[in-house]
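Here the structure comes first, spelled out in structure tokens, and everything after it is commentary.
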There are 2 protein chains.
Amino acid sequence: MKSQELACMDIAALAPLIKGREVSPLEVMESQLDRIAALNPDLNAYTSLYPDMALAAAKGAEAEIAAGSYRGPLHGIPMAVKDLFQVAGMERTCGSRILNEGVANADATSVARLRDAGAIMVGLLNLHEFAFGPTGINPIVGTALNPWDLTRVSGGSSSGSGCATAAALAMATLGSDTGGSIRIPAALCGVVGLKQTYGLASRAGIYPLCESLDHGGPLARTVRDAALVLQAIAGVDPADPSTAQARVGDYTANLGKPLDGLRIGVPRDFFFDRLHPEIEAAVQAALRVLDDLGASVEEAVLPFNREAVRGWNTMAMAEAMTVHEGHLRDHADELSPDVNERLRLGEGLSATDFIRARQCQTMARAEMAGVLEQTPILAMPTTVIPPVPIATGTMMVGDRQVTGWRVLGQLTRLACFTGQPAISIPCGFTEDGLPIGLQLLGGWFEEATLLQAADAFEQATEWHKRRPPLKV
Amino acid sequence: MKSQELACMDIAALAPLIKGREVSPLEVMESQLDRIAALNPDLNAYTSLYPDMALAAAKGAEAEIAAGSYRGPLHGIPMAVKDLFQVAGMERTCGSRILNEGVANADATSVARLRDAGAIMVGLLNLHEFAFGPTGINPIVGTALNPWDLTRVSGGSSSGSGCATAAALAMATLGSDTGGSIRIPAALCGVVGLKQTYGLASRAGIYPLCESLDHGGPLARTVRDAALVLQAIAGVDPADPSTAQARVGDYTANLGKPLDGLRIGVPRDFFFDRLHPEIEAAVQAALRVLDDLGASVEEAVLPFNREAVRGWNTMAMAEAMTVHEGHLRDHADELSPDVNERLRLGEGLSATDFIRARQCQTMARAEMAGVLEQTPILAMPTTVIPPVPIATGTMMVGDRQVTGWRVLGQLTRLACFTGQPAISIPCGFTEDGLPIGLQLLGGWFEEATLLQAADAFEQATEWHKRRPPLKV
């Protein structure tokens, strides 16, 4: 097998070879590091790389497996995490000049669990500064490019996670999602991005943005691979009280099962007047695929309208402002101009504004529970537009010019507000070859069903098999 | 049996007589209404009474039991609830002139559950206006007097619930507790008051004060009676999302069991420098009783100090302000002066203030969980002073003059902030014959253990058997 072919494999396909000692974790890592060395200087997916540490860990995995101790499907798999996770031995920056934390001496809980499962951390991945923006444009550390069109954004805030996963600069990655920051780059880069239920996986050791809305979860090249990563990171963590009620499922158990009769609701009123026409067409085609698979695709009505999600905005601005109060006071001129501006939106908010937004969240959750009783899965696009050019941050939709940072999170905030799980999976490409994402939302802690639906769609389509046109 | 003797019985003693048809619910209700007619004009425990409705319900219960349908220990029992619960057919006022809701056409969930269990609602009980104060002094509808000394407060905010329960104007009552409003009147009136775990019983239909801190729960003359009421009201209610994780136990199962080895922590640093000397002496004696009962009474240290509970203050002021924004704008001059003043403390609070207070709450909960791993029960006084005179609202403690509304909630806010259950039980009297309350705190949803400890203490002491010196 040629060097970079190993790096481009799925975890689920590679794991049996590692387990059977047909391939060594060291070969895999060398393949991965070669590909990173060839492509990352252009793509800028990584903010920092730790090849020596990764090679040492790969040797350790090789020895452990040779000694008969195989940990499971993540053993020896090269992974990377967004540069706001703590990884022992690495220095996180959050894509900013402001932090000077030095080298971390402990792992974020999710990272520790991935390492316990045998995964090997290669480095830290680019992001919208402090994860506070949906484009991934980062004037501080440079922008991670979209592997499908190097003039376009990879989406944010987990831009490097999307880029690296799509370009096979890691086999799977972790990102974080406060309003779409996993699913947007997944959609824009043509990979799978899963924001699990609020409280299912720990945020301990992830630099916070909005405590009530933050999630840390996987991006991968297949639904199955995302399920494997979720399985490793899910569960109660005393260091993150939001996980106290976590109910962990078996996330690969339902993969491959038919969708017979599964009711999938499409809340057209929620999104349909804003879509880029190529996204509308791709999502319509995707719904037909789901219907052909035996699901019952039907209209759904969200009893709260888009305006209710404005509560997301108030909560997000208030909580982000609270986290970054000191940075705004002492380091405002070192922040990306757009992040500085967006953080200041939280400045005038009163306690009453926040409390009312939280009441709106409680109501939206209750109303969503009613919707899910009818249709346990909801389907919609992940984003209303494909990736915008980095240079302008805007694009035309019909005769309207739309601004990326304003519209990219429109359809993803909802699941952060309600806390329910949501996944973005590839469902097509524009004529220009830009990826399009289908978003599925499920019930709280019902990831097994959500992944089943996503996997069935993936198995019935070829979109996830296309690879970005990168010259190596 | 003479008329008022029935009204003065415990539920647990009376229920078998009703079940066995030795006593009819109608006789019980007539006894109850006679006693109310004799005493309430002075005590002012009720803001409104519905004797005809109560008698009709008692006749219905009599017929039902005669027909062989006995519902359980609350069947035919006269009860009353704080005048902020919705009771179908009654008009709540929240002890205010501002509301004009008219007659309610539905019950609060807790009231509906009590009625399903057979309890009969007699009327609505006095309170500190809108439940926002710990003394119960109410210049709008008049103050419920303390049955042990008619010149003193019965405590707030559930003043009428404390007064009516102690004076046997109802067999048990519901109050609400945001910072001590069940436990303070229970302590000051010499009865049992239980604030269950946040999220164990529904608040739907209770006029809100502070969404994150409000609880509706029982006051009764014995621990067992409180357990019977809790059993009826506990459980998930879709109308109150905070109950989604409610774990209901069997609250009478552990009563009478010995306390051998139960570790009871006493966090002296948390309270000991502020106590009225007679309260200190009574609580010390109570701790010796628990020790004699086989419990292991030991020092406990709360890793957060009193200052952490200031977060309670911020949350309470902000949430109360949000509820009453319109009242402050349009009806400020109709509010009790102290309530008007206290509500305005929330006016300047920012979203960041609120979010930091909530972070403080999360931390306090986590740290409390660590404390409870060592000592699953904590013991302390309920209040630092006995009931203050209504006329002044103040009293001397040694050479310091203390103000009732400032200090009465000092030791009760903690359990509202952490959400853990807490109970106040009678543990003695001052030389002047004023009741003293012992407060026990337990683990989340561990009410069965908390009630076991409280019941063991009650069985070993006579305090709960004393009756207020009321002339009938």
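The chains referred to below are lettered A, B, ... by the order of the sequence lines, with proteins before strands, and numbering in each begins at 1.
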Residue among A:Arg358, A:Met363, A:Met317 with most heavy-atom pairs under 4.5 Å to chain B: A:Arg358
Heavy-atom contacts under 4.5 Å, residues 319-329 of chain B to chain A: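 Residues in range: B:Glu319, B:Met321, B:Thr322, B:Glu325.
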Taking the side chain from [X] and the backbone from [Y], do they hold a donor-acceptor pair closer than 3.5 Å?
X	Y	result
A:Asp240	A:Ser202	no
A:Glu341	A:Ser336	no
B:Trp444	B:Thr418	yes
B:Gln361	B:Phe417	yes
B:Arg92	B:Ala104	no
A:Gln420	A:Gly442	yes

Measure A:Ile355 against the heavy atoms of chain B and call it side chain, backbone, both or neither at under 4.5 Å. side chain
Chain A contact via B:Glu347 - which portion, at a heavy-atom distance below 4.5 Å: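 Contact with chain A involves no heavy atom of B:Glu347 at all.
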Chain A contact via B:Arg365 - which portion, at a heavy-atom distance below 4.5 Å: neither
From the list B:Ala318, B:Gly348, B:Pro238, B:Ala357, the residue making the most non-hydrogen contacts under 4.5 Å with chain A is B:Ala318
Could you tell me if the side chain of B:Leu174 sits less than 4.5 Å from the side chain of B:Ile206, heavy atoms only?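 Answer no - side chains too far apart.
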B:Thr178 and side-chain contact (heavy atoms from CB on, under 4.5 Å): which partner among B:Pro208, B:Cys210, B:Ser157, B:Ser212? B:Cys210
